[in-house]
Amino acid sequence: MAAVVLIGAQWGDEGKGKITDFLAEKAELVVRYQGGNNAGHTVVAHGQEFKLHLIPSGILYENKTCVIGNGVVLDPKVLLEELSYLKECGVKTGQLLISSNAQVIMPYHRLLDGLEEDARGEHKIGTTKRGIGPAYMDKSARIGIRVGDLIDEEEFAAKLKRNLADKNNLLTKLYGAEPLEYEEIFNEYREYALKLKAFVADSSLVIDQSIQSGEKVLFEGAQGTLLDLDHGTYPYVTSSHPIAGGACIGAGIGPTRIQRVVGVAKAYTTRVGEGPFPTELRDQTGMMLQERGHEFGTTTGRARRCGWFDAVIVRYAARVNGLTDLALTKLDVLTGIEKIRIGVGYRLGNEVIYEFPQSQKIFRDSVPVYEEVPGWSEDITGVRRFEDLPEAAKLYIERVEQLTGVPVTLVAVGPGREQTIVRESIF
Ligand code: GDP
Ligand code: IMO
Ligand code: MG
């Protein structure tokens with residue numbers, strides 16, 4: 001019995017797709033439990049690059065079952081496009097299952113995401129405008145349309161009619177936008193329903209049976225700890241629970257089933273969208289990290305803000321996720337930097353704090369306290385064993401372990417599946 005949850009330990013884009021793909025080789029089931037196509041997970045396998053938004057990153061193996069859990073908000077159009085994209089790429093995909101309780105993203109969600117962002121003006125969140133927030137709002141308001149409703153023609157018609165009446169009121173009266181047509185949406189989503197029906201399953205049951213029968217199950221988080229609705233940098237967060245606890249709710253399993261929680265963290269830090277970021281570098285070094293790390297969003301193409309590794313937030317991630325392991329990615333991007341900095345605390349006036357602050361106002365005003373460590377200049381992209389890394393790179397990893405209190409079990413030195421150093425196997 002082995003269930004492992006993999007989460008982002010920073011603000012997303014840590015390389016979860018790559019590490020999931022790497023670990024999926026040994027797993028039988030790979031499960032997405034939250035978020036939607038706001039995620040962009042890039043996997044490089046056999047020299048070919050794949051960009052996944054909704055389908056778990058285990059799909060590139062022929063014999064894996066991939067599950068879209070109940071906690072996901074699913075845009076059926078995007079899912080069908082992703083399936084055809086994989087087919088066009090010539091990959092023999094594994095089996096896909098979709099929870100009948102996953103929420104469906106509707107056209108009005110996408111539209112409202114954009115209108116709400118515009119209305120926020122200078123207080124905008126910088127969302128991906130994929131309808132994620134509005135879809136989760138409907139879920140909480142208990143008016144959402146689930147996959148199970150979508151594939152039931154009568155239920156779908158009734159729920160769409162009710163919802164659309166409300167949404168059209170909002171669109172026209174609050175935002176002065178054009179109303180949406182019932183028939184058009186109904187017909188479009190009927191098509192999707194017919195295509196997706198065969199994938200729909202009681203995914204909680206499938207996952208439980210798999211765990212009970214001794215199979216290995218990997219839960220692939222999207223976004224990251226600091227984007228968590230409760231534990232992130234609110235309100236500059238997403239509307240779901242990317243942290244490890246989210247896997248229980250979003251997949252329908254109990255916490256006692258989970259053996260290990262792997263936090264994926266970049267060897268530096270990035271963030272897309274608005275919100276505070278104490279170790280951000282708005283200088284040449286920041287631009288260098290952006291260029292060398294190809295730090296441009298997989299989903300929206302936006303440039304990612306870059307900065308030094310912040311040990312305070314990763315130690316916080318260790319706490320709220322109960323991390324047992326860290327996968328440190330993009331270590332190769334730091335090659336050639338003479339002196340590398342690590343944020344170890346925040347200065348507020350005369351005081352220095354070492355824990356992630358409860359108040360977002362404090363976090364916003366935090367000035368990082370740095371420690372400087374020596375860099376290395378050797379190319380490490382071909383290294384496969386920890387002992388073969390340059391001394392300074394080893395010391396950097398060990399310092400990350402000391403500061404976060406979590407062992408760095410995996411180290412990524414390039415985007416390719418094989419560019420991974422394993423210090424202890426996860427499964
Ligand atoms: P995710 O959202 O957490 O899956 O991360 P993204 O896929 O959005 O962004 C991570 C990017 O870094 C992708 O383009 C990966 O191919 C790439 N990547 C992952 N690990 C490494 C690494 O160790 N080195 C380098 N150079 N690139 C990496
Ligand atoms: P992956 O899974 C990085 C950010 C957006 C915005 C905020 C809210 O690839 O790591 P949303 O559309 O979710 O309402 O936007 O969250 N965001 C991400 N940033 N990686 C992601 O996913 C993200 N998904 C959402 O930029 O700041
Ligand atoms: Mg990403």
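Counting starts at 1 for both ligands and their atoms, in listed order. Numbering of residues begins at 1 and proceeds along the displayed sequence.
A distance of 8.0 Å separates OG in Ser210 from CD1 in Ile207, rounded to the nearest 0.5 Å. A distance of 11.5 Å separates CD in Gln34 from CG in Asn70, rounded to the nearest 0.5 Å. Here Asp75 contributes atom CG and Tyr192 contributes atom OH; the two are 7.5 Å apart, rounded to the nearest 0.5 Å. A distance of 5.5 Å separates CD of Glu371 from CG of Leu403, quoted to the nearest 0.5 Å. Atoms NE2 and OH, on His231 and Tyr316 in that order, are 6.0 Å from each other to the nearest 0.5 Å. With rounding to the nearest 0.5 angstrom, the OH atom of Tyr370 is 6.5 Å from the CZ atom of Arg341.
Heavy atoms of other residues, nucleotides or ligands lying less than 6.0 angstrom from CD of Glu181 number 12 at most. Residue Lys26 places its NZ atom among 12 or fewer non-hydrogen atoms of other residues, nucleotides or ligands, all under 6.0 Å distant. Annotation: Arg120, atom CZ; neighbour count of heavy atoms from other residues, nucleotides and ligands within 6.0 Å is above 12. Residue Glu387 qualifies as enclosed at atom CD: its count of foreign heavy atoms under 6.0 Å is above 12.
Ligand 2 has no nitrogen or oxygen under 3.5 angstrom from a nitrogen or oxygen of Lys129. In terms of N/O distances under 3.5 Å, ligand 2 is not approached by Glu274. Considering backbone and side-chain atoms alike, Gln223 places an N or O below 3.5 Å from some N or O of ligand 2.
Here the angle centred on the Mg ion (ligand 3), running from OD1 of Asp13 over to O of Gly40, is 160°, rounded to 10°.
Protein heavy atom at the shortest distance from atom 10 (C) of ligand 1 is Asp13 O, 3.8 Å. At the shortest separation from atom 7 (O) of ligand 1 among protein heavy atoms lies Thr42 N, 2.8 Å. The protein atom (non-hydrogen) at minimum distance from atom 23 (O) of ligand 1 is Lys330 N, 2.8 Å. When only non-hydrogen protein atoms are considered, atom 12 (O) of ligand 2 lies nearest to Thr128 OG1, 2.6 Å. Ranking the protein heavy atoms by distance from atom 26 (N) of ligand 1 puts Asp332 OD2, 2.8 Å first. Nearest protein neighbour of atom 5 (C) of ligand 2, counting heavy atoms only, is Gly126 O, 3.5 Å. Given atom 16 (O) of ligand 1, the protein heavy atom at minimum distance is Pro415 CB, 3.5 Å. The protein atom (non-hydrogen) at minimum distance from atom 13 (O) of ligand 2 is Thr238 OG1, 2.6 Å. For atom 4 (O) of ligand 1, the closest heavy atom belonging to the protein is Gly17 N, 2.8 Å. When only non-hydrogen protein atoms are considered, atom 19 (C) of ligand 1 lies nearest to Lys18 CD, 3.9 Å. Here the protein heavy atom with the shortest distance to atom 2 (O) of ligand 1 is Gly40 O, 2.9 Å. Here the protein heavy atom with the shortest distance to atom 18 (C) of ligand 2 is Leu227 CD1, 3.6 Å. Remark: minimum distance from atom 15 (O) of ligand 2 to any protein heavy atom is reached at Thr127 CA, 3.3 Å.
Heavy atoms of Val237 found under 4.0 angstrom from ligand 2 belong exclusively to the backbone. Within the 4.0 Å heavy-atom criterion, neither part of Arg271 lies near ligand 2. At a heavy-atom cutoff of 4.0 Å, ligand 2 is contacted by the backbone of Trp11 but not by its side chain. Heavy atoms of Val413 found under 4.0 angstrom from ligand 1 belong exclusively to the backbone. Heavy atoms of Lys51 found under 4.0 angstrom from ligand 1: none, in either backbone or side chain.
Taking every heavy atom of Gly40 and a limit of under 4.0 angstrom, the matching atoms of ligand 2 come to 1 (P), 9 (O). The contact set between ligand 2 and Gly273, taken as ligand atoms under 4.0 Å from a residue heavy atom, comprises 27 (O). Using a 4.0 Å cut-off to heavy atoms of Ala412, the atoms of ligand 1 that qualify are 23 (O). Residue contact check: Asp13 has heavy atoms under 4.0 Å from atoms 1 (P), 3 (C), 9 (O), 10 (O), 20 (N) of ligand 2. Interface atoms of ligand 1 facing Lys16, defined by a heavy-atom separation under 4.0 Å, are 1 (P), 2 (O), 3 (O), 4 (O). Contact atoms of ligand 2 toward Ala222: 2 (O) (distance under 4.0 Å to a heavy atom of the residue). Counting atoms of ligand 2 from 1 in the listed order, those under 4.0 Å from a heavy atom of Arg302 are 5 (C), 26 (O). Which parts of ligand 2 touch Val272 is read off a 4.0 Å heavy-atom cut-off, strictly below it: atoms 3 (C), 26 (O), 27 (O). In summary, the atoms of ligand 2 found under 4.0 Å from a heavy atom of Lys16, numbered by their order in the structure, are 1 (P), 2 (O), 10 (O). Ligand-side atoms of ligand 2 in range of Ala39: 1 (P), 2 (O), 9 (O), 22 (O), range being under 4.0 angstrom from any heavy atom.
Applying the salt bridge (Lys or Arg N to Asp or Glu O under 4.0 Å) test to Lys330 and every residue at least two apart in sequence or in another chain returns Glu295.
The shortest heavy-atom distance from Arg130 to ligand 2 is not under 4.0 Å. Taking 4.0 Å as the cut-off, Glu14 counts as a neighbour of ligand 1 on heavy-atom distance. Residue contacts with ligand 1: Gly8 is excluded, as none of its non-hydrogen atoms falls under 4.0 Å. Under the 4.0 angstrom criterion for non-hydrogen atoms, Arg304 is in contact with ligand 1.
Of the residues listed (Ile421, Leu328, Ile426), the one engaging Thr409 in a side-chain contact (heavy atoms from CB on, under 4.5 Å) is Ile426, and it is the only one.
In plain terms, the two heavy atoms of Ala318 and Thr404 that are nearest each other are CB-O, 4.0 Å. Pairing each heavy atom of Glu82 with each of Leu54, the nearest pair is OE2-N, 3.1 Å.
Using the six-membered ring where Trp is involved, Tyr189 and Phe156 have ring planes that are parallel, under 30° apart on the 30 and 60° scheme.
A cation-pi contact, defined as under 6.0 Å to the ring centre and within 45° of the axis, links Arg423 to Phe386. For Arg417 and Tyr61, the positive end sits near the middle of the six-membered ring, less than 6.0 Å away and at most 45° from its axis.
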Under the side-chain contact (heavy atoms from CB on, under 4.5 Å) rule, what do Thr238 and Tyr136 come out as? Steps first, then yes or no, please.
CA-CA 10 Å; Thr238 191; Tyr136 278 117; 5.7 Å; no
Verdict with supporting geometry, Arg130 and Thr300, side-chain contact (heavy atoms from CB on, under 4.5 Å)
CA-CA 10 Å; Arg130 299 300 193 266; Thr300 57; 4.1 Å; yes
Criterion side-chain contact (heavy atoms from CB on, under 4.5 Å) on Phe296 and Gln290, from CA distance to verdict:
CA-CA 8 Å; Phe296 297 90; Gln290 194 179 71; 4.1 Å; yes
